[in-house]
There are 2 protein chains.
Amino acid sequence: MTTVTARERLVAAAVEAFAEKGFTATTTRDIASRAGMSPAAVYVHHDSKESLLFHVSLEGHRAALDVMRRAIGEGGSSVEVLRRVVHDFSRWHAANSRVGRIVQYEFDALTPEHRAEVATLRRDIEHAMRDVLQRGVDEGELAVVDVSGTALAILSLSIDLVRWYRPREGGASAEQLAALHADLAERMVAVA
Amino acid sequence: MTTVTARERLVAAAVEAFAEKGFTATTTRDIASRAGMSPAAVYVHHDSKESLLFHVSLEGHRAALDVMRRAIGEGGSSVEVLRRVVHDFSRWHAANSRVGRIVQYEFDALTPEHRAEVATLRRDIEHAMRDVLQRGVDEGELAVVDVSGTALAILSLSIDLVRWYRPREGGASAEQLAALHADLAERMVAVA
DNA sequence: GTCTATAAAAGGATAGAC
DNA sequence: GTCTATCCTTTTATAGAC
C-alpha cells in the first residue's frame, strides 16, 4: 500500500497542467486545484511555479537519458544497439508523452541557471546517439555520411511523437510505434 | 520600392514575439513595442491577441501545404517525388522556423473555431504525404509496411527541426539539412 | 489610425490564523 | 502543513482626444 504524499500529488498535478496548457498558461491556482489543495499550499513545497517546472524537467531529462544509457549498456552488435536505443527511446516518449512535452517545449521557461543544468543532460543525450552511430561506422556495420546530422534526425524521429501522440483505443500503441521507429532508423543507416 | 504597412509590421512583430517567447508569454505591449506603436494601436488592426495568432497560424499552415503540393505537382518517379517533397518541406521549415514553431506549438492556443479551421489544413498535409507513399507502393517503387505510420515519421523528420534549428555561422544550412532529410527519407522506404 | 489614460480582471506570491 | 484573505503587479482590452 503506497502512500501518496501531498508533494507527489503536487508534482503530478503540475505535469498534467503543464503538458495540457503549457507552463505560462498554467496558473498556480490551477495546479493547486488539481492537487486538491489551496493556492497557498503550493508554496510550502516549492518556492515558485518555475521551481516546480524545473523539478519536472530535470527528472524528465534524467529519465530519458537513463533509458538511452540502459539500452546502450545491454550491448550487442551496432545494429542491435541502434535498434534497441531507438525502440526504447521512442517507447519512453510515447508512454511518457506528457512529461516529454514539458521536457521538450518548456526548456525556455526555465531560469538561466536551471536551463544550464538541464542543457548538460541534453548534450549527453545527443552525444550518446552520435556515439552509437560512430561505433557502427567504425565497425563497418553502419553507413552514415553525416553522423551529427543523422543523430539529430533519429532523435527527431523518437522525440517528435510527443507533439502528436496520444494513447487511444484502436490507435498505435507505444510498443508498435517503437517497433516502427526501430525499423525506420535501421533502414536510414544500414549498409547497402 | 515596397511600402511596409503598419498592419504588416504588426504581423512581423507578432511572429517574432510568439516564436521567441510563446503565445501566452507574449504581451500585447511587447508586440506593439516591436512594431513601433502603442498598445492601443494593435486593436485597430486585430480584435484580439488570439486573432493575430490565428492569422499567423493560418497563413503558416497554408504556406506549408502549398510547398508540399507544388513539390508533388512537379511530377517524376515516386522516389523523385518523395525526395522533392521531403527536401522542400524540410527546407521550408528550416528557412521559416519561427513561423514553423508558431504553427506547431501554438495550435492549442487557438479558439475552438480557429483550431478547427487550421486542423483541416493539417489533415491535408498528412493526407498528401500518405498519398506520396501509397503511390510508390502501388507502383512497386517503394517498400512501406505501415503507410500511415511511416508518413507521420517522415513528417516528424521534416517538422521537428523547428524545435532546435537556428541558422548560424558554420552550422548546417537549410539546404544542407533538406538534402540530408531527402536522403534519409529515401532510405527509409526504398525497395531493397 | 495613433495616441494617453485607464478600466477590469487575472495571476504570482505572501500574511497570519489554526 | 493547510487554510482564508489579500497584496501587488501585470495584462488584455477599451474610452476618448487628436
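Here is the naming used below: chain letters follow the sequence lines, and residue numbers restart at 1 for every chain.
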### Query
Under a 4.5 Å cut-off applied to non-hydrogen side-chain atoms, are A/Leu133 and A/Ile154 in contact?
yes
### Query
Hey, does the side chain of A/Thr28 come within less than 4.0 Å of C/dG12's phosphate (OP1/OP2), counting only N and O?
yes
### Message
Applying a 4.0 Å non-hydrogen cut-off, can you work out what A/Ser38 is touching in the nucleic acid: base, sugar-phosphate, or nothing?
### Response
base
### Task
Identify whether the distance between the nearest side-chain nitrogen and carboxylate oxygen of B/Arg62 and B/Glu59 falls below 4.0 Å.
yes
### Message
Using the side-chain heavy atoms of A/Ala41, tell me which of these nucleotides is nearest: D/dT11, D/dT2, C/dT2.
### Response
D/dT2
### Query
If you look at every strand shown and take non-hydrogen atoms under 4.0 Å, does B/Thr5 touch a base, only sugar-phosphate, or nothing?
nothing
### Query
Given side chains that start at C-beta, do those of B/Ile159 and B/Phe89 come closer than 4.5 Å, heavy atoms only?
yes
### Query
Rounded to whole angstroms, how far apart are CE on A/Met37 and C1' on C/dC18?
18 Å
## Note on the structure
Atom NE2 of A/His46 and atom C1' of D/dG1 are separated, to the nearest Å, by 14 Å
#### Entry: Between C/dA13 (P) and A/Glu50 (CD): distance, integer Å
9 Å
### Task
Measure the distance from CG on B/Leu52 to P on D/dA13 and round it to the nearest whole Å.
10 Å
### Task
Before giving the answer on side chain to side chain donor-acceptor pair (under 3.5 Å), spell out for A/Thr24 and B/Thr24 the whole-Å C-alpha distance, their side-chain angles and the decisive distance to 0.1 Å.
CA-CA 6 Å; A/Thr24 313; B/Thr24 313; 5.8 Å; no
### Message
Can you work out whether B/Arg7 or A/Ala40 has the more 5'-proximal nearest nucleotide on DNA chain C?
### Response
B/Arg7
#### Entry: Nucleotide D/dA13, atom P - distance to CD1 of B/Ile31 in whole Å
10 Å
### Task
Starting at atom CZ of A/Arg29, determine the distance to atom P of D/dT2, rounded to an integer number of angstrom.
18 Å
### Plane angle bin for B/His46 and B/His55 - parallel if under 30°, tilted between 30 and 60°, otherwise perpendicular
perpendicular
### Message
Does D/dT2 have OP1 or OP2 under 4.0 Å away from a side-chain N or O of A/His45?
### Response
yes
### Task
Round to the nearest Å and state the distance from B/Leu10 atom CG to C/dC3 atom P.
11 Å
### Message
Expressed as a whole number of angstroms, how long is the span from A/Leu53:CG to C/dG12:C1'?
### Response
15 Å
### Message
Students often get this wrong, so: under 4.0 angstrom with heavy atoms, is A/Thr24 touching a base, only sugar-phosphate, or nothing?
### Response
nothing
### A/Tyr43 vs C/dT14: side-chain N/O to OP1/OP2 distance below 4.0 Å
no
